[in-house]
Amino acid sequence: MGENLTYKILRAHLVEGTLEPGSEIGIQIDQTLLQDATGTMALLEFEVLGLERIKTECSVVYVDHNLLQTDHKNPDDHRYLQTASMRFGIHFSPPGNGICHQVHMERFGVPGKTLLGADSHTPSAGALGMLAIGAGGLDVAMAMAGRPYYLPCPQVVGVRLKGRLPDWVSAKDVILELLRRYGVKGFVGKVIEYYGPGLDQLSATDRLTIANMGTELGATSSVFPSDLRTKAFLEAQRRGSAWTELVADPDATYDQYDEIDLSSLEPLIACPSSPGNVRPVREVAGVDVDQVIIGSCVNSSFRDLMLVARILEGRRIHPRTFFHVNPGSRQVLENISQHNGLLSLLRAGARVHEPGCLGCIGMGQAPGTGQVSLRTFPRNFPGRSGTKDDRVYLCSPETATASAITGRISDPRELSKELAYPKVEEPKEYLVDDSSIIFPSKDLQGTKVVRGPNIRPLPSMDPLPEDLELVVLLKLGDNISTDTIMPAASHILPLRSNIEALSNHVFTSVDPDFPHKCRKVSQVAIVGGENYGQGSSREHAALAPRLLGVRVKLAKSFARIHKANLCNFGIIPLVFKDPADYEIIKEGQSLVIKNVRGLIESGMTEIPVMLQGREITTVLDVSGRQRKFLLAGGALNFVKHELIRES
Ligand code: MIC
Ligand code: SF4
């Protein structure tokens, strides 16, 4: 029986376990990626491991999230990231060079390799035929130390693409279509693998758009074959020698199948405030738009920005609408200026910003009160833009530009009355200039690591006690994102390297008093619904609550990365055996787990919990390795002891 591409790559990297969906496997990681918002913590963790240098083939640190420099904090972080990278043999991509996923694809991605990134959109590199997975910073630090990455062996969904995209419909609409069909938890525990005749029409950066937002479906990763389109992209990046052909066997099988007829798609839009809330643009057309932003890791390639520039040639955006362009990388910016795209964007009235994440993570560009913002971004979780009760829509560059011209949400096909759909070809050769990237060398390894006052040591964490007596301080609904647990925003993101200060902001958008309430009790439990912890990979959403005394999260189900992060930081992720028990728990009640150490040590999956004198059954579905982390009070405590034993 033929093998799909995902399993081929997994098999080639398998170091522990067997390839049976659901069972834990360990895979060797070839490349890693860190960005500044998760990277300071990951590098601090790497330092605790006490190694001389990284053990991966290639690791890169990008500065793309925290670009605002309103005081010393972010530049302190940048310098720490730079000097620690130089010290440990890591490539360093400085502020202004671009968003990690775009730059990684341009300069470092290699078909067939594994990539682990401390950012949930790391699967973007699946566009090049990599198996690229998002994880918490600690897991990435361990991979940099040469340790395997452990994950539940995924099922693979084969999505066959056929037909050709109509004019004014593009890659973003393909992934929005999957979100329309399956919603934000549709592919948890699964890898999406694309195949079929429709692939020919999709360039490598179109594929990035699709692979990137597989994350919004809850998928572990998304994988495209490495074919002639991949080859053309790598050659245009002057990296043709990195190409190898990689495809699934002709008789490959998948655990689940679906098909998209590209020719049947129409422009789609995710409405406030979930990437899964997808509707055809025509159904919401006419809503006044205050702000349009083109950019983010999902839609800021050369093709996307040139397309916008071509549509806008000789036109101006509507006076009601503020129009921003955030290029994906310095390379994209250089190439669109070489092709005269920059000039039409400026003449149309665009505010052109430096390459980076910017408004996507609430670092500026917040919409005003009650305003509608249309973005080409991957996420619109409530409040993520920085504005409370925001109304953020997600769409393609085509829809965003058409709407910027009319000042209302507009179906871009309307533009065909006055304009032929601009077809943007990728350049045969991009302008390539790597001179801003600092490449590792033996000399640089002598570098002294610079720690400004914003870089605080990791807090120490006590092991799990014999019994837990917890107070339920919050009860939440379904699909709570890490943006709700540990908000980003311009005044909070700079605290990512200072966990104590950061913990003052945990859950504050739900209950401004939450950190204060936690400090008044010693052990805290939080109750959630389905898909608890969806969204980002930020381990701070586990680490900071842990510092406040959170020891248990009890939910109907968990998102993959957040669950792993909880185990890494000693918070027990319990699931209701009977979801009806969710209904009976109230905030302020107490939960008691007697002999919790013994239960976890003995490998029990059913954990009895006393709720106000009544017993409810919960399930602890974690691996043997994760049980050890929970007992030790966190993975770092456990791994430190292991390393000491080994040395
Ligand atoms: C996001 O898009 O949510 C982020 C910001 O890139 C996060 C990482 C972070 O919180 O630092 C992610 O996707 O993992
Ligand atoms: Fe940056 Fe937004 Fe992409 Fe996250 S989703 S990496 S914040 S551009």
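Not measured: the values here are computed from a predicted model. Ligands are counted one by one from 1 in listed order, and the atoms in each one are counted from 1 as well.
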Query raised in the report: salt bridge (Lys or Arg N to Asp or Glu O under 4.0 Å) between Asp434 and Arg107: does it pass, once the steps are laid out?
Result: CA-CA 8 Å; Asp434 277 342; Arg107 307 310 307 148; 2.9 Å; yes

Please determine if [X] and [Y] form a salt bridge, counting it only when a charged side-chain N lies under 4.0 Å from a carboxylate O.
X      : Y      : answer
Arg451 : Glu47  : yes
Asp483 : Arg379 : no
Arg330 : Glu334 : no
Glu177 : Arg279 : no

Query - Part of Asp64 with heavy atoms under 4.0 Å of ligand 2, whether side chain, backbone, both or neither - result: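 Neither; nothing of Asp64 gets under 4.0 Å from ligand 2.
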
Report task. Run through the protein N/O/S atoms less than 2.8 Å from atom 2 (Fe) of ligand 2 and write them out by chain and number. Result ->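 N, O, S partners closer than 2.8 Å: Cys360 SG.
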
As an exercise, state the distance from [atom1] of [X] to [atom2] of [Y], rounded to the nearest 0.5 Å.
X      : Y      : atom1 : atom2 : answer
Ile293 : Gln365 : CD1   : CD    : 4.0 Å
Phe381 : Asn479 : CZ    : CG    : 8.5 Å
Gln371 : Ser385 : CD    : OG    : 10.0 Å
Leu138 : Asn568 : CG    : CG    : 4.5 Å

**Report entry** Verdict with reasoning, Asp206 to Ser203, per side-chain hydrogen bond (donor to acceptor under 3.5 Å, both in side chains)
**Finding:** CA-CA 5 Å; Asp206 293 337; Ser203 71; 3.3 Å; yes

Query - Residues lining ligand 1 [heavy-atom distance under 4.0 Å, listed by chain and residue number] - result: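 Residues within 4.0 Å of ligand 1: Gln35, Ala37, Thr38, His65, Asp119, Ser120, His121, Ile361, Arg379, Arg384, Arg496, Ser536, Ser537, Arg538.
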
Query raised in the report: Strictly under 4.0 Å, does any heavy atom of Arg384 approach an atom of ligand 2?
Result: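 True for this residue.
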
